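In what follows, a structure is listed as structure tokens, so that the remarks can point back to it.
Both counts, for ligands and for their atoms, begin at 1 and track the order of listing. Basis for what follows: all heavy atoms, side chains included, without hydrogens, waters or symmetry-related copies. Remember, it's a predicted structure, so these values are computed and weren't measured experimentally.
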Amino acid sequence: MENPKNHILVIFGASGDLTARKLLPAVFSLKVQKLLPEKFAILGVGRTLFSDIDFRKKMKESILKFSKEKNPDGKLIDDFTESVFYRSMDNATAGDYNGLKLKLEDIDKTLQTSGNYIFYMATPPVMYDVIAANLTHAGLTDQSSGFRRLIIEKPFGYDLNSGKELNRRLHEMVSEEQIYRIDHYLGKETVQNVLVTRFANGIFEPLWNRNYIHRVEITSAESIGVEERGGYYDSAGALRDMVQNHLLQMVGMTAMEPPSSLEPDAIRNEILKVFQSLQPISEADVTKQVIRGQYTGSTIRGECVTGYRNEKGVAPGSKTETFVAIKFFINNWRWGGVPFYIRTGKLLPTRVTEIVIHFKKSPHHLFQRENASLSSNQLIIRIQPDEGILLKFDMKEPGSGFNVKNVNMDFHYSDLANIRVPSAYERLLYDVMIGDSTLFSRDDEVETAWKFIQPIQTAWATNKNIKIYGYPAGTWGPSVSNDLIEGCGLTWRYPCKNLSDDGLYCEL
Ligand code: BG6
């Protein structure tokens, strides 16, 4: 593995949850694997007052609590946090950036970090261009004395226009090569494995098209609610929070053509082509192709679960969706006529993300089997948890006659001895450090994804007749979402049962 060049990682929003839960533990894992440069430092920036010592203590606690390393070594954490610094400042105040610059120069001099900086924006989205402008004004994005890279968290804008505007503003200050728009789903080992499964094996690709595939289903279910993020979530909703980015990227990986090489742009060009081929959903068709839902209070295993509208930070009559299911088509030679179904939701019965390829059924039924009208073949790529691949197919039930039974051919990553699956943030941070942008969204990809989402947002905002269905927490979302699936007797795949026995859905 390539060793990154010496640098300082500057994290804006350093006193927040993302830094504590994901970023610091991920960088610590890079340290354990000896993937950090020889001279390296982290500078946390935030409004909360901390001394370097206090911040190090807090980060040590976070690493102990959230690190993926088994039994993280306290001494190694201390060595690591010795190069962690903190600066309290207001990100919006341009004048504060001169002080930031001096602090960086100071660390550079003491630790010889070579004048290279990565700026990670783990802040509310409204701050992205403000921080970029202030950095630029202070001369901190100029690459004449070292590399300067900006990592931008999602959501990248909140609709098509704001996404475009953010790109335009950033391009006034830095080049596209300096921008790393992070989508942590692309950092997941199993999402990258979609490419390898498809393009390293000769057996899948010939079948991977409209001739053999009946439909494609992608689910990203969460068993948690909005927790402490009600304020952010209420203005985002599942469409912006999960679909515009994570789910569409999985669609891109599943549907793309083979790239000509593994160069960042070769892969991103193919994902872009998929986004450009998404058949637009007109505002009039939103009612037919999109279902939105919101979790309501319920009882799960005897425990009362709060409904979305009673969560902290959520408006009492909120119409924000915590569940969304969409049916759409990809207009190209490979996929013409094949329906794609995607769904995501909070407080569903379990946490599971999977891509299900439903193959067409055999043309003639020679053998007796249950549900002979349904296909017996599905390839299920389990993104998380229990990462792996499952192929469902029919085989003969032992004994007389030709009774057929559907069985699983199953691969679990966990069966691979001594394989450590890196966290998404670990992989992505390392990639920024070595300057590899393959797994980051490019400007045109983000805008094209917004273009697909925009009519849905507009229809929901303007057409008061579009229903939002309540679904009891712990169920698979509004059961009307099954009506999206074309074909007699077909439904979504349900990896487990509803947990709540409360009524299935109601209109809100
Ligand atoms: C984030 C969303 O991007 O992804 C969260 O903002 C969501 O709302 C999370 O919970 C899901 O990520 P993962 O990796 O747990 O599937």
Side-chain angles (χ1 to χ4, degrees), residues 13 16-23 25-26 29 66-68 120-126 128 151-158 163 180-194 218-253 292-295 308 311-314 318 320-324 342-355 381-388 413 421-429 439-441 446 449-450 453 473 477 495:
D17 228 31
L18 183 67
T19 308
R21 282 174 180 266
K22 302 282 185 190
L23 303 184
S29 286
F66 299 114
S67 173
K68 280 192 81 178
Y120 196 122
M121 309 208 187
T123 60
V126 286
Y128 300 158
I151 308 181
I152 314 253
E153 262 295 333
K154 59 156 273 276
F156 192 87
Y158 56 90
Y180 293 76
R181 297 175 194 78
I182 204 161
D183 181 320
H184 78 276
Y185 266 56
L186 287 178
K188 290 184 192 278
E189 195 63 30
T190 35
V191 172
Q192 293 155 36
N193 193 37
V194 174
I218 301 181
T219 292
S220 186
E222 292 186 81
S223 52
I224 53 169
V226 293
E227 302 194 306
E228 299 303 309
R229 299 163 74 223
Y232 148 75
Y233 196 88
D234 208 33
S235 59
L239 191 66
R240 290 188 181 96
D241 188 50
M242 293 290 291
V243 178
Q244 189 271 345
N245 31 69
H246 306 328
L247 270 87
L248 286 186
Q249 286 293 346
M250 286 192 281
V251 170
M253 288 286 200
R292 59 175 170 165
Q294 187 187 84
Y295 63 82
Y308 177 71
E311 299 275 20
K312 207 167 87 200
V314 171
S318 171
T320 298
E321 76 291 352
T322 61
F323 173 96
V324 58
I342 58 177
R343 68 177 165 167
T344 182
K346 296 224 181 257
L347 266 171
L348 301 187
T350 190
R351 173 174 185 251
V352 63
T353 299
E354 59 180 27
I355 301 169
I381 303 177
R382 273 193 312 252
I383 303 296
Q384 65 188 19
D386 188 17
E387 294 82 353
Y413 269 73
V421 180
S423 77
Y425 278 96
E426 191 182 318
R427 167 69 201 255
L428 295 174
L429 279 164
L439 299 174
F440 295 83
S441 314
V446 177
W450 275 125
I453 296 295

Exercise for review: Take the angle between the ring planes of Tyr185 and His246 and call it parallel below 30°, perpendicular above 60°, tilted in between.
Suggested key: parallel
Study note, to complete from the structure: salt bridge (Lys or Arg N to Asp or Glu O under 4.0 Å) filter on Glu228, not counting sequence neighbours, yields Lys312
Check your understanding: Below 4.5 Å, heavy atoms only, C-beta onward: do Glu189 and Tyr413 meet side chain to side chain?
Key -> yes
Quick one: ligand 1 N/O to protein N/O pairs below 3.5 Å?
| residue | atom | partner | partner atom | Å |
| --- | --- | --- | --- | --- |
| ligand 1 | 3 (O) | Lys154 | NZ | 2.8 |
| ligand 1 | 3 (O) | His246 | NE2 | 2.7 |
| ligand 1 | 6 (O) | Lys154 | NZ | 2.9 |
| ligand 1 | 6 (O) | Arg229 | NH2 | 2.9 |
| ligand 1 | 6 (O) | Asp241 | OD1 | 2.6 |
| ligand 1 | 6 (O) | Asp241 | OD2 | 3.3 |
| ligand 1 | 8 (O) | Arg229 | NH1 | 2.9 |
| ligand 1 | 8 (O) | Asp241 | OD2 | 2.6 |
| ligand 1 | 8 (O) | Lys346 | NZ | 2.9 |
| ligand 1 | 10 (O) | Glu222 | OE1 | 2.5 |
| ligand 1 | 10 (O) | Glu222 | OE2 | 3.3 |
| ligand 1 | 10 (O) | Lys346 | NZ | 3.1 |
| ligand 1 | 12 (O) | His184 | NE2 | 3.1 |
| ligand 1 | 14 (O) | His184 | NE2 | 2.8 |
| ligand 1 | 14 (O) | Lys188 | NZ | 2.6 |
| ligand 1 | 15 (O) | Arg351 | NH2 | 3.4 |
| ligand 1 | 16 (O) | Tyr185 | OH | 2.5 |
| ligand 1 | 16 (O) | Gln384 | NE2 | 2.7 |

Point to revise | Test ring pair (Phe, Tyr, Trp, His ring centres under 6.0 Å) applied to Phe156 - qualifying residues, sequence neighbours left out | key: none
Point to revise | Residues that Tyr180 engages under ring pair (Phe, Tyr, Trp, His ring centres under 6.0 Å), provided they are two or more places apart | key: Phe440
Practice item. For Ser318 and Asp234, test the side chains for any donor-to-acceptor distance below 3.5 angstrom and give the result as yes or no. Key: yes
